[in-house]
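Okay, so here's the structure we're looking at.
Values reported hereafter were calculated over all heavy atoms of this structure, with side chains retained and with hydrogens, waters and symmetry mates removed. Note that the structure is a prediction, hence the values are computed from the model and not measured. Reminder, nothing fancy here: chain letters follow the sequence lines and each chain counts from 1.
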There are 4 protein chains.
Amino acid sequence: MCTIETVTHQSATGAKKKGRPRSEEVQQAILKAAATLLAERGFRALTIEDVAALAKVGKTSIYRRWPSKGILALDAFLSEFLLLQPPIDTGDLAGDLSEALSAWVKTVAGTSTGRTLVALVAEAQTDPELAVAWRETVVARARNQHRSMIDRAIDRGEIPRDSDVDVLMDMLYGPAYHRLLQGHLPLTDDFVHQVVAVVVAGAKAGSAVPSRAAKV
Amino acid sequence: MCTIETVTHQSATGAKKKGRPRSEEVQQAILKAAATLLAERGFRALTIEDVAALAKVGKTSIYRRWPSKGILALDAFLSEFLLLQPPIDTGDLAGDLSEALSAWVKTVAGTSTGRTLVALVAEAQTDPELAVAWRETVVARARNQHRSMIDRAIDRGEIPRDSDVDVLMDMLYGPAYHRLLQGHLPLTDDFVHQVVAVVVAGAKAGSAVPSRAAKV
Amino acid sequence: MCTIETVTHQSATGAKKKGRPRSEEVQQAILKAAATLLAERGFRALTIEDVAALAKVGKTSIYRRWPSKGILALDAFLSEFLLLQPPIDTGDLAGDLSEALSAWVKTVAGTSTGRTLVALVAEAQTDPELAVAWRETVVARARNQHRSMIDRAIDRGEIPRDSDVDVLMDMLYGPAYHRLLQGHLPLTDDFVHQVVAVVVAGAKAGSAVPSRAAKV
Amino acid sequence: MCTIETVTHQSATGAKKKGRPRSEEVQQAILKAAATLLAERGFRALTIEDVAALAKVGKTSIYRRWPSKGILALDAFLSEFLLLQPPIDTGDLAGDLSEALSAWVKTVAGTSTGRTLVALVAEAQTDPELAVAWRETVVARARNQHRSMIDRAIDRGEIPRDSDVDVLMDMLYGPAYHRLLQGHLPLTDDFVHQVVAVVVAGAKAGSAVPSRAAKV
DNA sequence: CCCTAAACGAGACGGTACGTCTAGTCTTATG
DNA sequence: CATAAGACTAGACGTACCGTCTCGTTTAGGG
């Protein structure tokens, strides 16, 4: 796929780069070690020292690249997560949403990837830098994908032009995140279909559900 | 109000209780200190040592009552949170849901209570004991409240008898939790009304949206 | 003998002592471990972490008592060194000085104690707290011992009453320290006797060597 | 003056020297930076990295020339120290010794040069390579100078031919080093004169103080 | 009115991980 | 080759909290 590790703190200034360049092997060894430990023991039990030891790398080589445990974990998470969220185009809104949500559920329900996702959302609450990175690399990416589904549906005339896309997307993923995080009920196929049905119905109803003051 | 601190580890064996009884003042001092520090610095920066120091209490007096930082924080959280979730009965489903969700939003959006809630959801991912306590004292309590709203709506004939209440409730609170946790968009009044509208519409449509195989 | 570990940072304020008292076993385990490592590997290779590991003790238990590696080493050094500097009274100045210097030479020449002594002198150059402790526990103690020798010699009429005791003592130990530190020549019995002879002769000549009165 | 930096690790293999020759500017920049930092912050706080940074030089350029921090510091020290130890010939033993010791005291008492000297003596205890270099460039040099003073005194008939020159020299410098290192008493002019007086007296007494077995 | 037993404040205890620092080595690209 | 820059492994530093464990001191019943 594409290069995903956009988070790493490279000097970024695109300059001439003096001195010994950062080793790509080291980079990969760290990410792999982090991913392994994340899957084995979870985010909470992840320590920089263990990552360094497993990757056979000095701690400084980690701190040089990632400012916090959270952002390192995010990178490790992304390398697994993104591969499992395929581009979707079934030619039909209900189909698109259904496939997208199903893929997401399959990736996170009962998996270590899911547990990591949850931990990252949690961590982002206290680490502002991570919060930004999370929104840019996960939330924004997902929303762009979904927005294009909805745009296609609008183009096809399935739903009204003035739909509030943001709310629709939150109503699609919100309930799923909710079950994942609260764990009160399972993320079944049936759940996915019911949610999609309600959202699609709501979307088609469209401005029949007017924002209180023609939207703020 | 009622006694909320159901979490505290009392000897429980209802026995005759020999020796010096636990001091209620100590209990309250700890909870107050925890709440203060939670509001000031957040869950992550909360340490048992700081709580003990602020409450002028030995660490053992905390560990004697609460098995973990998470459960202590939950108790401190509850004492603030529950007071702000009033019982609701407007005589109308949309009105009930709208008021309930509005009250929730008011309590958590941009407040330290909201930040603590998020941290507790996160913490519950790794602390099973906290996860249980969380579901029992927060999730179950809320769902009972909402279930009775929906039952009343069914009795009134507003929505079909075979509605999937669980999914409806997840679609009401899921999007709200989503915005709170991801922080990508604000929790506005407008958002609340749109969500309620779609959920109510979905509920009224009812089995017109059949579960894939007449429900499992 | 007497209690030597005068350096340890006890609260000292002779107060009521609240909380759990510091364990004497821990104290001794640390000192023993430090002494062992000092003998085995020398001061430079001495690590707080290794001491903690060998003594089966947390690092904090060391930092709680000793403010620096140097002062810990000083305590460990003293417990060995002081036992080997016996009180001396031969009834004769030359005899006293000779025995004292011999005992010192025997203790430090070619021994790990000697190497530690040197390292401590070195360390004291940069650690003012250690410098003070060193002067109080080693230098002052030795000088008191020697001063009483000289006082006895004065009382016996061996040397004049107005002798410059300080210079005499520096001329006794200075050359010995010099050979120990510079390592250019060995600390032999012969060396001891020659130094003692010159010092005793100098002492007896006494004010024949006028201090400042005739000056530069 | 003369080239003093005899310590530097030149390729040494007297060969034809291929490739780019080592820059003299780099050499001097490093020594100057080292001397500056030594004076400013002392030996202990001296870092190869800081020297490299201040001299605007790569760390490798330092390691290529000096095998250790100690030897680099020795070179920096020598460039200051040697200039201040002039050749002496007053035509009289007491005068020679007095002038030599006075010059030494003036150079090291309360100066950064003195502090560095002490640190080097200390460092030499653990760094054998430095110990050798120290003895060769400082101790031996000084002893040669003094030996010639004493030889002249013997030639003049001031002191007996069979004097133990080594012990005399240790008795001259030992007490001075002692006060410098232990810091228990100041290095005054008076001290210098008393020491010289005793040493000269001892020297003149000569074999009246016979080594125990006609010397070993 | 003691006696027993638990709770209490204080703080020491063995640990774990932190993030920083320095050492000495190794790669780059550029003279 | 030497050079400047800087990444590399390694490992000690001193700090912060953890959850447990003594201490000596209350504070209650129950005998």
Side-chain angles (χ1 to χ4, degrees), chain A residues 11 16-23 25-27 29 45-53 55-65 67-69, chain B residues 11 16-23 25-27 29 45-53 55-65 67-69, chain C residues 11 16-23 25-27 29 45-53 55-65 67-69, chain D residues 11 17-23 25-26 45-50 52-53 55-65 67-69:
Chain A
S11 50
K16 323 95 196 296
K17 34 176 160 177
K18 281 196 275 191
R20 180 174 174 178
R22 293 195 187 159
S23 157
E25 288 170 36
V26 167
Q27 179 96 359
L46 187 73
T47 64
I48 298 286
E49 297 208 326
D50 285 352
V51 173
K56 305 210 168 204
V57 140
K59 282 201 283 179
T60 31
S61 290
I62 300 181
Y63 285 115
R64 197 176 292 121
R65 285 155 220 255
S68 69
K69 195 176 80 160
Chain B
S11 49
K16 319 98 193 295
K17 37 187 161 161
K18 280 196 276 188
R20 178 174 173 180
R22 291 192 189 161
S23 156
E25 288 170 35
V26 167
Q27 179 94 1
L46 186 72
T47 65
I48 297 286
E49 297 209 326
D50 285 352
V51 174
K56 305 211 167 201
V57 141
K59 282 201 283 177
T60 29
S61 290
I62 300 179
Y63 284 115
R64 199 175 289 124
R65 285 155 223 254
S68 69
K69 193 176 83 161
Chain C
S11 47
K16 325 93 197 295
K17 30 166 154 190
K18 280 196 274 190
R20 179 173 173 179
R22 292 193 188 160
S23 156
E25 288 170 36
V26 167
Q27 179 96 0
L46 186 73
T47 301
I48 297 285
E49 296 208 325
D50 284 352
V51 174
K56 305 210 168 205
V57 141
K59 281 201 283 178
T60 31
S61 290
I62 300 180
Y63 285 115
R64 200 176 288 124
R65 284 157 223 255
S68 70
K69 196 175 80 159
Chain D
S11 48
K17 37 188 162 165
K18 281 192 280 189
R20 177 171 172 181
R22 290 191 191 163
S23 154
E25 288 169 36
V26 167
L46 186 73
T47 303
I48 297 286
E49 297 208 324
D50 286 352
K56 305 211 170 205
V57 139
K59 281 201 284 177
T60 26
S61 290
I62 300 179
Y63 282 115
R64 200 174 290 123
R65 284 156 222 253
S68 69
K69 194 175 80 160

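In this structure, A:E25 places its CD atom 16 Å from P of E:dC26, rounding to the nearest Å. Rounded to whole Å, atom P of E:dG15 lies 13 Å from atom CZ of C:R64. Distance, C:I62 CD1 to E:dG14 P: 9 Å, rounded to whole Å. The distance between atom CD of C:Q27 and atom P of E:dG14, rounded to the nearest whole Å, is 12 Å.
Taken to the nearest 0.5 Å, the CD1 atom of A:I48 stands 8.0 Å off from the OG atom of A:S68.
Scanning all heavy atoms of the two residues, the minimum distance from C:A29 to C:A55 falls at O-CB, 3.5 Å. In this structure, A:G58 and A:A52 approach most closely via the heavy-atom pair C-CB, 4.4 Å. Shortest non-hydrogen contact noted between B:S61 and B:R65 is O-NE, 3.0 Å.
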Item checked: Sequence-aligned protein contact record of nucleotides 16-22 of chain F, with B where the base is within under 4.0 Å of a protein heavy atom and S where only the sugar-phosphate is -> -BBBBBB
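Comparing A:A55 and D:G58 by the nucleotide of DNA chain F whose heavy atom lies nearest to each, the residue mapping closer to the 5' end is D:G58. When each of C:S23 and B:K56 is assigned the nucleotide of DNA chain E with its nearest heavy atom, B:K56 is the one assigned upstream, toward the 5' end.
Among the nucleotides F:dA4, F:dC8, F:dT9, the one closest to the side chain of A:R65 is F:dC8.
Under 3.5 Å, the side chains of C:R22 and C:Q27 contain no donor-acceptor pair of N or O atoms.
A close approach under 4.0 Å does not occur between any side-chain nitrogen or oxygen of C:R22 and OP1 or OP2 of E:dG11. Considering only side-chain N and O atoms, C:S61 lies under 4.0 angstrom from the phosphate OP1 or OP2 of E:dC13.
Applying the side-chain hydrogen bond (donor to acceptor under 3.5 Å, both in side chains) rule to A:D50 yields the partners A:R41, A:T47; only residues at least two apart in sequence or on another chain are considered.
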